Amino acid sequence: MTVHGGVRPGFEAVRETFAEVVDGSTGGAAFSVFRRGAPIVALHGGRAAPQVPWTGDTRVVLFSGTKGIVATVAAVLTARGLLDPDRPVARYWPEFAAAGKADVPVSQILAHTVGLPYVETDLPMLDNAANAAALARQSPLWAPGTRVAYHALTYGYLLTELIRRGTGDDLGSLVRTLLAEPHNLDLRLGTPPTVPVATLRRAPGYRISTFLQDPQRRRVVERMYRGLLDSTDTMNSAEYRGAALAAGSAVGTATAMARLYDLLLSGELVPPDVLARATRTWSEGVDAVNDRPLRFGLGFELADPIGTYGPAEVAFGHSGAGGGRHGAWPEHGVSFSFTTNELQAEDVDTRASSLLAALHETL
C-alpha cells in the first residue's frame, strides 16, 4: 500500500518502518510525532473502511488511549485546585465511602489499585451513572492500595462520577473545553453519529490478556471487558462512540493525540511540578488479574519492563486495545501516537514497537 505524509530529514527510517507496517495490514494506520512543538513525522496509509483510504484526518476509536486523555483532564483539574489525588474519594462522592472505602484516596483510582476491576451487578455497559453507583456500594477485592490490577472499564465509571461530583461537569464537556477547543485538537469523548470514524476490524486470532494463563482469572477478565472486544459490532456502533466511556470510547486522530502529549511536555496544559507528580510511579508490579507487568502514574502508563513505550527509559502515556500507542519521552522532548483500525493481539503485534524503535534510533 502507498504511504502518505512526510518526515523531517533524518527520519527516513521511520517512514520505511511505517511502510512495512502498512504493507502488513488489511486496515489502515497513522503515526504522528512531535518534538518540542514541531511535527517531525506525519504518516498515514491503508484503508479506514472498505474502499475508503486513510487520510491525515482519519479518526479512530482510541479504546484505552482514552485513559490518557482522562488522566490529562485530571492533571488539569489538579493544577486548578479542583481535584486532589491525596483526598479521599468520599470527600467528593460521599456514597463511595460504603463497604470500607471511606479513606480511599483519589490516587488509588487513578493508579489502578482500588480493587474494583469489574462491576458485580449485571448492568448495561454504556450506563456510566448506574455502573458508578454500583461500584460505590461494592466491596473491593483486596485492601485498596495493596495490589495493582488494570481496571479496564471501571476506571472510566469511577472517574466520570468522581469528576462530575468534584466539578459539576461531565468528562466529555471537559475534554472539549479544557483540551480540544482551546488547542484545536480533533478529540472527542462522546462522539455524534454524524462524525466519520474509521471502521474497526479484528485481525484473525485477535484476543485479549495474552499474558494470562489461569482459567479462573480468565473468567474475571471476561467480566471486566463484558464482551466489548469479542466482536466488532459494539465497538463500531454509534451508541458506543456516543456513550462517553472514559475508559475507552474517545475518538481522535494520531495528530491530535501526539499534539496532546506535546502540550503536556511543553507546560501549556499543566505546570511542570503537576506533570512530574502525575508521571512518577504510584503503582507497579504484576497485574493481580492479568499477569502483565504494570507501572502507573496518576492515570498514565509509564515505561515498563516489557517495553510498551519503546527503548526510552523514561516515558508516559497510554496504550489502547488492538495496538494503539500514545505518549511521550520527556528526556527527548518527543511525543507520539500510533493509531490503527486493525486490532491485533499484544503477543504478536509489533507495529508500534517497531516504529518507536526506529524513532528512538534516529534521535
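The structure displayed is predicted, hence computed values, not measured ones. In what follows, residues are counted from 1 in the order of the sequence shown.
The aromatic rings of His318 and His112 sit tilted relative to each other, their planes meeting at an angle between 30° and 60°. Aromatic ring orientation, His360 versus His332: perpendicular (interplanar angle above 60°, classes split at 30° and 60°).
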Without placing hydrogens or testing angles, list every side-chain donor-acceptor pair under 3.5 Å for residues 260-272, not counting sequence neighbours.
| from | atom 1 | to | atom 2 | distance (Å) |
| --- | --- | --- | --- | --- |
| Asp262 | OD1 | Gly37 | N | 2.9 |
| Asp262 | OD2 | Arg259 | NH1 | 2.3 |
| Ser266 | OG | Leu263 | O | 2.9 |
| Ser266 | OG | Glu268 | N | 3.3 |
| Ser266 | OG | Glu268 | OE2 | 3.4 |

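Scored by the side-chain contact (heavy atoms from CB on, under 4.5 Å) test, Val251 finds Arg59, Val61, Thr191, Val197, Arg241 as partners (sequence neighbours excluded). In this view, Glu95 and Arg165 satisfy the side chain to side chain donor-acceptor pair (under 3.5 Å) rule, not counting sequence neighbours. Applying the side-chain contact (heavy atoms from CB on, under 4.5 Å) rule to Glu331 yields the partners Val314; only residues at least two apart in sequence or on another chain are considered. Listed by chain and residue number, Asp170 satisfy the side chain to side chain donor-acceptor pair (under 3.5 Å) test with Ser173 (two or more places apart in sequence, or in another chain). Under the side-chain contact (heavy atoms from CB on, under 4.5 Å) criterion, Leu141 pairs with Pro117, Tyr118, sequence neighbours left out.
Residues Glu12 and Arg15 are not paired through a salt bridge, judged by the lack of any N-O separation under 4.0 Å between the basic side chain and the carboxylate. Under the 4.0 Å criterion applied to side-chain N and carboxylate O atoms, Lys67 and Glu301 are not assigned as salt-bridge partners.
There is a path of hydrophobic side-chain contacts, each under 4.5 Å, that joins Phe11 to Val33.
Side-chain N or O atoms of Asn131 include one that pairs as donor or acceptor with a backbone N or O of Asp127 at under 3.5 Å.
Taking the six-membered ring for Trp and the full ring otherwise, Trp329 and Phe336 have centroids separated by under 6.0 Å.
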